[in-house]
Amino acid sequence: MEPLASVSFAGGAGQRPVGWQMQLRVDYAVNKVMQTHRGKSEDEVAQAIQDQLRSVGVVPNSRQIAHYATVISTLPLLPPNNRT
């Protein structure tokens, strides 16, 4: 049986902050909702954010969701994409 290769966890651990993967998931979910729910009611936006966060395995933070929903609901609608 061959010996196992040595493993070091110290090399890249200091380069990324704790929770960086979760923040990427939050950013993805919020950006997705921002594209589809601009200008809609805060309640509708908040529900969409909660649904998206849960679908990517993140437990929603109600205070953050309320903040994101307020901002997204005030954004203007995106112009239709004219693809030919």
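Here the structure is a predicted model, which means the values were calculated and not measured.
- Under a hydrophobic-cluster definition in which Ile, Leu, Val, Met, Phe, Trp and Tyr are linked whenever side-chain heavy atoms come within less than 4.5 Å, directly or via other members, Tyr28 and Val33 are assigned to the same cluster.
- Two different hydrophobic clusters hold Leu24 and Val56 under the rule that ILVMFWY side chains link at heavy-atom gaps under 4.5 Å.
- Nearest heavy-atom pair across Thr70 and Ala66 is OG1-O, 2.8 Å.
- Taking both residues in full, the closest heavy atoms of Val45 and His37 are given as CG2-O, 3.5 Å, listed atom of the first, atom of the second, then distance.
- Checking side-chain atoms of Arg38 against main-chain N and O of Pro76 turns up a donor-acceptor pair under 3.5 Å.
- Put simply, NZ on Lys40 and CG on Leu77 are 8.5 Å apart, with the number rounded to the nearest 0.5 Å.
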* Start with the C-alpha gap between Asp27 and Gln23, add the side-chain angles, then the distance that decides, and say whether side-chain hydrogen bond (donor to acceptor under 3.5 Å, both in side chains) holds. => CA-CA 6 Å; Asp27 292 346; Gln23 186 59 49; 2.8 Å; yes
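- Using modelled atom types, one finds a donor on one side chain and an acceptor on the other under 3.5 Å when comparing Asp51 with Gln47.
- Closest non-hydrogen pair, Ser41 versus Ser73, comes out as C-CB, 4.2 Å.
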* In sequence, state the C-alpha distance, the side-chain angles, and the governing distance for Ile72 and Ile49, and then conclude on side chain to side chain contact (heavy atoms under 4.5 Å, CB included). => CA-CA 10 Å; Ile72 293 171; Ile49 293 172; 4.1 Å; yes
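- Taking both residues in full, the closest heavy atoms of Ala29 and Leu53 are given as CB-CD2, 3.7 Å, listed atom of the first, atom of the second, then distance.
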* To do: Evaluate the side chain to side chain contact (heavy atoms under 4.5 Å, CB included) criterion for residues Met34 and Leu75: first the C-alpha distance (whole Å), next the side-chain angles of each, then the deciding distance (0.1 Å), finally the verdict.
  => CA-CA 9 Å; Met34 192 181 309; Leu75 293 173; 3.6 Å; yes
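- Atoms OG and NZ, from Ser55 and Lys32 in turn, are 6.5 Å apart once rounded to the nearest 0.5 Å.
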